[in-house]
Structure formats: structure tokens, C-alpha cells
Amino acid sequence: MGIQDIIEGKKQWRAHMARVKALPSDYQIVYKEIQRYFFKVGPVGLADGSLLSGIVDFFEEGVGAGKGVLELIGNDVAAFCDDLIKTYSDIYQESISGKPGTAEK
């Protein structure tokens, strides 16, 4: 990884965090809990940022629809995160097997 990659990564992270800071405070609190959970667990998709940016997209849609954050994810942040990890795992298994629906459940 070169210096340009590091600089670009920091720019992308700052832009991502600016989106998070634009969310209502309850969404920000839940996002930070999700982020903390994922940083401990380390799921697929975290390294390239697609999982966290997808969550921000989801939250922005929820805000636009006038929903509270708990209406979107439920009362258990850890359970929501575990479901996302399982979904990513299923998608990964399907991508390496080449067959939809072949991931173990």
C-alpha cells in the first residue's frame, strides 16, 4: 500500500464519518455501537468499507422515511450485527460456490 492509497483511504473515511455526523443523534449512537461491534468481530466487507457505508445508506433512507433507528434495526444492536454478518457470510459462500442458495444455514 503506497502513500497515495493511505491518503485516499483517509479522505474516504473522513467523508464517511461526515455522513455519519449528519445523521440524527440517535442514529449516530447506534452507528457507533455497530461500528464498535464490527471492529471487535471483524466481519467480511469491513476492510473495504462497503459494510459500514451500506449501513449509513440504510440509516439515511430511514431518516428520509421519518423512522426512528430502532424501528429499522430492532432493540438489540448485537443481534442486528450478527444477522448482517450471517448475510455477508451467505453471500460469500454463494459467490465461491457459484450457486445461489447453497450456503449452509
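Each residue takes its place number in the sequence, starting with 1.
- In this structure, the side chains of Glu60 and Asp57 come closer than 4.5 Å at one or more pairs of heavy atoms.
- Using a 4.5 Å heavy-atom cutoff, the side chains of Cys81 and Val41 are not in contact.
- Rounded to the nearest 0.5 angstrom, Ile34 CD1 and Leu84 CG are separated by 7.5 Å.
- Side-chain contact check for Tyr31 versus Gln35: some heavy-atom pair is nearer than 4.5 Å.
- The closest side-chain heavy-atom distance from Asp26 to Val30 is not below 4.5 Å.
- Taking the six-membered ring where the residue is Trp, Phe80 and Phe58 present parallel rings, their angle staying beneath 30° rather than reaching 60°.
- Taken from NZ in Lys10 to CD1 in Ile7, the straight-line distance is 8.5 Å, to the nearest 0.5 Å.
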TODO: Starting from the C-alpha separation in whole Å, work towards a yes-or-no answer on side chain to side chain contact (heavy atoms under 4.5 Å, CB included) for Leu51 and Phe38.
DONE: CA-CA 9 Å; Leu51 180 58; Phe38 286 154; 3.6 Å; yes
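- With contacts defined as side-chain heavy-atom distances shorter than 4.5 Å, the pair Ile73/Tyr27 does not qualify.
- Between Leu72 and Gly62 the shortest heavy-atom distance is CD1-CA, 3.7 Å.
- Shortest non-hydrogen contact noted between Val20 and Gln28 is O-CG, 3.2 Å.
- Here CZ of Arg19 is found 11.5 Å from CD1 of Ile55. Values are rounded to the nearest 0.5 Å.
- Residues Val69 and Ile29 do not share a hydrophobic cluster, clusters being chains of Ile/Leu/Val/Met/Phe/Trp/Tyr side chains in contact below 4.5 Å.
- Separation of atoms CE (Met17) and CD (Gln12) is listed at 14.5 Å; rounding is to 0.5 Å.
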